[in-house]
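Just so we're clear, the structure is a prediction, and the values are computed from it rather than from any experiment. Values reported hereafter were calculated over all heavy atoms of this structure, with side chains retained and with hydrogens, waters and symmetry mates removed.
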Amino acid sequence: MAESDSPTGPFKDMIGAPLWREPYANDPSLFIDDDGKAYLYVHAQGADYHVVEMADDMRSIKGKLEKMDMGGYTPKMEGPWVFKREDLYYFTMPENNRELSYYTSPSPKGPWTYHGVIMEQEANSNNHHSIVNYQGQWILFYHRWLDIDSTCGRQRHVAAEYLYFNEDGTIQPIRRTQKGVADFASQGNQKQ
């Protein structure tokens with residue numbers, strides 16, 4: 001657990017140990033609710049997605065990781081991202097490490113209802129992401145691949161697209177574009 005007064009560091013290890021040792025987990029996602037409670041979401045080895053509430057000091061966890069009820073659907077892979085819009089929580093993830101899909105719940109711990117894919121895969125490659133509301137506009141950040149002449153082969157690069165909701169709260173499908181959010185300043189910060 002490292003902390004800094006700046007998002008660019010330097011960071012200092014505050015507890016001298018991991019938050020937990022078992023089960024192995026990767027790609028943590030931290031969500032802080034309107035009431036100030038913080039939740040950490042992880043994909044835990046062999047047991048799909050887990051959630052645990054962070055302690056008030058943000059340096060320890062309350063209790064143990066809980067396996068979430070994903071509504072009978074068994075998602076695989078990693079990279080969860082959780083956000084809240086109005087009174088609905090959204091759990092998004094790169095299903096099969098390729099296409100972005102999502103779930104909703106009235107609670108930050110679920111149970112979750114699966115809604116399907118919102119962004120198809122590209123070039124049979126992985127895609128990790130985040131979703132934020134910036135100046136009233138929802139934006140999806142994700143990565144694409146550059147096929148460049150490099151000793152390392154293809155390289156990831158960050159991309160962003162607008163994200164829109166239907167009246168019932170479901171997310172509209174998202175297409176990759178070359179423009180992305182390049183016209184953000186001229187969009188008038190549309191709320192969706």
Side-chain angles (χ1 to χ4, degrees), residues 1 18-55 58 60-133 138-143 156 159-176 192:
M1 176 60 64
L19 285 174
W20 69 84
R21 294 192 183 278
E22 296 290 334
Y24 167 81
N26 64 343
D27 290 342
S29 178
L30 181 68
F31 168 74
I32 300 175
D33 208 346
D34 300 335
D35 60 5
K37 290 183 180 178
Y39 301 90
L40 190 66
Y41 301 84
V42 297
H43 179 259
Q45 184 177 20
D48 299 311
Y49 288 97
H50 283 72
V51 63
V52 66
E53 187 177 338
M54 297 291 296
M58 297 292 281
S60 57
I61 57 175
K62 291 182 177 180
K64 296 184 177 184
L65 278 78
E66 302 171 36
K67 183 176 178 179
M68 291 191 298
D69 178 351
M70 303 308 287
Y73 195 75
T74 308
K76 295 295 179 192
M77 282 301 164
E78 52 206 31
W81 184 264
V82 176
F83 67 96
K84 184 179 183 183
R85 179 179 176 266
E86 298 174 357
D87 293 327
L88 198 57
Y89 296 86
Y90 292 78
F91 180 93
T92 62
M93 50 86 73
E95 192 170 340
N96 300 312
N97 214 19
R98 300 286 189 262
E99 57 271 349
L100 299 182
S101 63
Y102 79 106
Y103 303 71
T104 59
S105 174
S107 162
K109 291 185 170 185
W112 299 95
T113 301
Y114 181 71
H115 292 280
V117 173
I118 53 173
M119 179 180 265
E120 297 291 342
Q121 66 175 313
E122 179 182 50
N124 199 30
S125 299
N126 71 345
N127 185 10
H128 288 200
H129 70 296
S130 61
I131 296 170
V132 299
N133 185 313
W138 288 94
I139 300 174
L140 164 73
F141 292 91
Y142 65 105
H143 71 252
R156 295 180 187 183
E161 305 290 349
Y162 296 112
L163 185 137
Y164 298 103
F165 297 88
N166 297 310
E167 286 188 20
D168 64 0
T170 55
I171 300 174
Q172 295 179 11
I174 306 159
R175 287 183 31 247
R176 292 169 181 83
Q192 282 291 322

Sub-4.5 Å side-chain heavy-atom contact between Lys62 and Val52: no
Chi angles and distances behind the side-chain contact (heavy atoms from CB on, under 4.5 Å) call for Leu19, Leu40: CA-CA 11 Å; Leu19 285 174; Leu40 190 66; 4.1 Å; yes
Met70 and Asp48: CA distance, side-chain angles, deciding distance, side-chain contact (heavy atoms from CB on, under 4.5 Å) verdict: CA-CA 9 Å; Met70 303 308 287; Asp48 299 311; 5.7 Å; no
Reported CG-to-CG distance for the pair Leu140 and Leu100, which is rounded to 0.5 angstrom: 6.0 Å
Lys37 versus Asp35, closest heavy-atom pair with distance: N-OD1, 3.0 Å
Aromatic ring proximity, centroids under 6.0 angstrom, Phe165 and Trp138: yes
Smallest separation among heavy atoms of Leu88 and Ser105, with atom names: CD1-O, 3.5 Å
Sole candidate of Tyr49, Tyr73, Tyr89 that passes side chain to side chain contact (heavy atoms under 4.5 Å, CB included) when paired with Trp112: Tyr89
Passing candidate, side chain to side chain contact (heavy atoms under 4.5 Å, CB included) with Asn127, options Arg98, Gln121, Glu95, Met119: Met119
Rounded distance [0.5 Å steps], NE2 in His43 versus NE2 in His50: 9.5 Å
Side-chain heavy atoms of Thr92 within contact of Ile131, under 4.5 Å: yes
Atom of Pro80, atom of Met93 and distance for their closest heavy-atom approach: CA-CB, 4.3 Å
Value rounded to 0.5 Å, distance of CD1 in Ile174 from OH in Tyr162: 13.5 Å
OG-CG distance between Ser107 and Asp87, expressed to the nearest 0.5 angstrom: 12.5 Å
His115 side chain to Ser101 side chain, donor-acceptor N/O pair below 3.5 angstrom: no
Residues Met68, Tyr41; criterion side-chain contact (heavy atoms from CB on, under 4.5 Å); working and verdict: CA-CA 10 Å; Met68 291 191 298; Tyr41 301 84; 3.9 Å; yes
Rounded distance [0.5 Å steps], OG in Ser60 versus CE in Met58: 10.0 Å
Test item: Asp33 and Tyr39 side chains (from C-beta on) under 4.5 Å apart, heavy atoms: yes
Student check: side-chain heavy atoms of Ile171 and Tyr164 closer than 4.5 Å: no
Plane angle bin for Phe91 and Tyr103 - parallel if under 30°, tilted between 30 and 60°, otherwise perpendicular: perpendicular
From CA spacing to verdict: side-chain contact (heavy atoms from CB on, under 4.5 Å), Val132, Phe83: CA-CA 8 Å; Val132 299; Phe83 67 96; over 6 Å; no
Least distance between heavy atoms, Trp81 atom then Ser29 atom: CA-OG, 3.6 Å
Heavy-atom side-chain contact between Val42 and Asp27 under 4.5 Å: no
CZ on Arg85 to CG on Leu163, rounded to 0.5 Å: 9.0 Å
Considering all heavy atoms, the nearest Ala44-Pro23 contact: CB-CG, 3.7 Å
Any donor-acceptor pair under 3.5 Å from Asn166 side chain to Asp168 backbone: no
Audit row: Arg176, Glu161, salt bridge (charged side-chain N to carboxylate O under 4.0 Å, His left out) steps and yes/no: CA-CA 7 Å; Arg176 292 169 181 83; Glu161 305 290 349; over 6 Å; no
